[in-house]
Amino acid sequence: MDKDTLDQTRRELRRFVREKLVPLEKQVADEDRIPDEIRRSFAEMGLYGISIPEEFGGLGLAMDEEVELVFELGWTSPAFRSLFGTNVGIGSQGILIDGTPEQKQAWLPKLASGEVTASFALTEPEAGSDAASVKTRAEKQGDHYIVNGTKRFITNAPHAGIFTLMARTDPNNKGAGGVTAFIVEAKTPGITIGKPDKKMGQRGSHTADVIFDNAKVPAANIIGGKEGQGFKTAMKVLDRGRLHISAMCVGAAERLIHESVSYARDRKQFGQAIAEFQLIQAMLADSRTEAYAARCMVRDAARRYAAGETVSLEASACKLFASEMVGRVADRAVQIHGGSGYIQEFAVERFYRDVRLFRLYEGTSQIQQLVIAKQMLRQAEAGQDA
Ligand SMILES: Cc1cc2nc3c(=O)[nH]c(=O)nc-3n(C[C@H](O)[C@H](O)[C@H](O)COP(=O)(O)OP(=O)(O)OC[C@H]3O[C@@H](n4cnc5c(N)ncnc54)[C@H](O)[C@@H]3O)c2cc1C
């Protein structure tokens with residue numbers, strides 16, 4: 001996208017977020033539902049297709065362009081982004097990078113337009129951080145696979161038209177090499193969606209179990225057509241996903257800082273605005289500094305990703321720093337609000353709960369640390385400096 005068009009898109013999104021979405025935040029949290037007209041607006045703005053090439057009807061943004069839009073989206077409740085987030089990430093990218101030409105033609109235009117929602121089904125009751133240990137089994141029978149197993153915490157499962165399913169096709173290979181990625185239509189007989197989970201925050205976004213009971217999936221639905229490639233596919237799109245989440249954290253931190261500054265200027269104690277107290281100023285300054293650092297990190301890594309560099313270490317470093325950073329910023333925001341920060345009427349109370357998730361999904365902070373350290377040791381082995 002040329003710079004002027006990107007700039008205009010970003011400005012329009014900023015206006016939409018601040019004028020339309022922010023006033024709806026409380027309603028969405030109370031009703032645990034995003035209004036249909038907002039869903040339609042997201043589709044009209046092309047947000048379902050941010051990362052899908054124009055030839056398939058998407059906006060076709062490069063990663064450094066995508067994060068500029070995501071910074072804007074982070075300003076409001078993350079539940080809004082969640083509605084189309086799965087179409088932007090692994091739901092579409094796995095098909096885009098490794099899918100066959102038929103799979104791309106069949107699904108990418110529908111994902112880009114928002115006609116179909118894609119969910120990513122990897123986590124299981126006994127396989128979380130150790131994702132390569134998935135037990136869901138896909139057993140070959142002629143030109144089909146029979147799938148049995150349970151997937152847990154699957155975002156958008158209640159709304160999904162397709163699942164990108166990670167299942168074990170080779171029971172003798174207990175590691176990543178035995179796992180295959182499938183495109184599975186949600187209406188396939190034998191698939192049941194559990195009751196939506198009651199979450200700590202991000203109300204309006206829904207996760208649920210997905211249970212496969214002898215679900216019959218055509219062999220033609222293996223992403224890329226080859227068994228045992230599922231994990232490689234997932235890894236290829238992970239860097240992009242982690243940068244996307246990091247940009248969300250930056251946007252959310254900036255919103256929390258905005259709320260903190262305006263509260264601190266209004267609230268008076270000891271005869272003056274609390275913003276005049278240097279101990280409050282220290283909290284504001286720390287939050288602003290950390291958010292700025294995260295913004296710079298995300299921009300740098302996204303630019304390098306867009307230029308074709310491998311940025312697994314940097315993407316994990318961004319996810320680790322940005323998600324922990326927004327946790328600290330949210331905590332300070334509550335502190336600056338005093339008792340009011342604990343009351344639901346104030347946005348910071350909701351954001352405090354909403355942003356907690358960023359340290360948990362798409363790899364916990366501990367998993368990011370492991371990825372970073374592993375790459376560092378690999379580089380040292382190869383005699384490379386940072
Ligand atoms: C709201 C929500 C939405 C989600 N959406 C999806 C989705 O759409 N699709 C999907 O597939 N999954 C999804 N997940 C699942 C999410 O990715 C996992 O919850 C996450 O990866 C952690 O796995 P776990 O919950 O099993 O925790 P565990 O892996 O059991 O971890 C528990 C603790 O142990 C730590 N730990 C684990 N292994 C190590 C280690 N080797 N070294 C040090 N510490 C370790 C972890 O960091 C954590 O602190 C979602 C989860 C939530 C809560």
Side-chain angles (χ1 to χ4, degrees), residues 29 32 34 77-94 111 117-136 147 149-168 175-176 179-184 186 191 193-212 223 230-231 233-235 237-238 240-242 244-245 248-249 252 316 319-320 323-324 327 350-351 353-374 377:
D32 194 17
I34 292 171
S77 296
F80 287 116
R81 181 219 63 107
S82 213
L83 201 60
F84 54 84
T86 50
N87 280 29
V88 175
I90 181 104
S92 66
Q93 294 300 297
L111 297 181
T117 292
S119 277
F120 176 53
L122 170 64
T123 304
E124 297 180 357
E126 289 174 51
S129 298
D130 185 10
S133 71
V134 291
K135 290 198 177 66
T136 293
V147 180
T150 298
K151 294 292 177 180
R152 179 136 299 167
F153 305 143
I154 306 306
T155 302
N156 284 335
H159 317 294
I162 56 171
F163 294 102
T164 302
L165 169 73
M166 296 290 171
R168 190 162 301 282
V179 178
T180 299
F182 293 88
I183 302 165
V184 181
I191 296 181
I193 311 298
K195 269 205 209 144
D197 299 311
K198 290 187 176 166
K199 308 194 302 316
M200 176 191 285
Q202 300 209 8
R203 284 170 58 85
S205 144
H206 306 123
T207 65
D209 278 6
V210 183
I211 301 125
F212 297 84
I223 294 182
F231 241 79
T233 300
M235 293 304 130
V237 298
L238 223 55
R240 192 168 183 137
R242 286 175 177 163
H244 180 107
I245 295 295
M248 278 297 292
C249 294
S316 280
K319 166 75 163 57
L320 174 63
S323 63
E324 295 282 337
R350 192 180 56 246
F351 267 85
R353 289 181 286 106
D354 285 352
V355 302
R356 189 63 185 83
L357 181 58
F358 294 134
R359 281 184 264 172
L360 300 170
Y361 71 178
E362 303 232 1
T364 63
S365 290
Q366 289 70 39
I367 294 304
Q368 309 306 334
Q369 288 174 314
L370 295 182
V371 172
I372 296 164
K374 203 162 142 190
L377 296 174

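Numbering starts at 1 and runs along the sequence shown. What you see below is based on every heavy atom in this structure, not just the backbone, and it leaves out hydrogens, waters and symmetry mates. What you are looking at is a predicted structure, and each value in this text was computed from that prediction instead of being measured. Indexing begins at 1, ligand by ligand and atom by atom, following the structure's order.
Selection from Leu370, Thr155, Ile154 by nearest heavy atom to atom 41 (N) of ligand 1 gives Leu370. If you check each of Gly128, Ala208, Ala157 against atom 26 (O) of ligand 1, the one with the closest non-hydrogen atom is Gly128.
Contact annotation: for Lys199 versus ligand 1, heavy atoms closer than 4.0 Å belong to the side chain alone. Under 4.0 Å from ligand 1, heavy atoms of Thr123 appear from its side chain as well as its backbone. Heavy atoms of Leu122 found under 4.0 angstrom from ligand 1 belong to the backbone as well as the side chain. By the criterion of a heavy-atom distance under 4.0 Å, neither the backbone nor the side chain of Asp197 is placed next to ligand 1. Within the 4.0 Å heavy-atom criterion, the part of Leu360 lying near ligand 1 is the backbone and not the side chain.
Distances from atom 30 (O) of ligand 1 to the protein include no heavy-atom value under 4.0 Å. For atom 33 (C) of ligand 1, no protein heavy-atom neighbour is present inside the 4.0 Å cut-off.
Residue Arg152 has no nitrogen or oxygen atom sitting less than 3.5 Å from a nitrogen or oxygen atom of ligand 1, judged on distance alone. Between Asp130 and ligand 1, a contact under 3.5 Å exists for no N or O pair. Inclusion of Phe153 in the set of residues having an N or O under 3.5 Å from an N or O of ligand 1 is warranted.
In terms of protein heavy-atom proximity, atom 39 (C) of ligand 1 is nearest to Ile367 CD1, 4.3 Å. Nearest non-hydrogen protein atom to atom 45 (C) of ligand 1 is Gln366 CB, 4.3 Å.
Between the side chains of Glu126 and Ser133, no donor-acceptor pair of N or O atoms lies under 3.5 Å.
Of the possible donor and acceptor atoms, one in the side chain of Ser92 sits under 3.5 Å from a partner among the backbone N and O of Asn87. A donor-acceptor contact shorter than 3.5 Å is absent between the side chain of Lys319 and the backbone of Gly241. With hydrogens and angles disregarded, a donor-acceptor distance shorter than 3.5 Å links the side chain of Lys199 to the backbone of Ser205. The main-chain N or O of Met200 is found under 3.5 Å from a side-chain atom of Arg353 such that the two form a donor-acceptor pair. Formation of a donor-acceptor pair under 3.5 Å by the Arg168 side chain with backbone atoms of Ala132 is found in this model.
Every atom of ligand 1 with a heavy atom of Ser129 under 4.0 Å away is listed here by number and element: 23 (O), 28 (P), 29 (O), 31 (O), 37 (C), 38 (N). Near Thr207, the atoms of ligand 1 lying under 4.0 angstrom from a non-hydrogen atom of the residue are 1 (C), 2 (C), 3 (C).
With rounding to the nearest 0.5 Å, the separation of CZ in Arg359 from CD1 in Ile367 is 15.5 Å. In this structure, His206 NE2 and Asp197 CG are separated by 10.5 Å, a value rounded to the nearest 0.5 Å.
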Decide side chain to side chain contact (heavy atoms under 4.5 Å, CB included) for Val210 and Ile193; before the verdict, give the C-alpha distance in whole Å, the side-chain angles of both, and the deciding distance to 0.1 Å.
CA-CA 5 Å; Val210 183; Ile193 311 298; 4.1 Å; yes
Report the C-alpha separation of Lys151 and Glu124 in whole Å, then their side-chain angles, then the decisive distance to 0.1 Å, and conclude whether the side chain to side chain contact (heavy atoms under 4.5 Å, CB included) test is met.
CA-CA 4 Å; Lys151 294 292 177 180; Glu124 297 180 357; 2.8 Å; yes
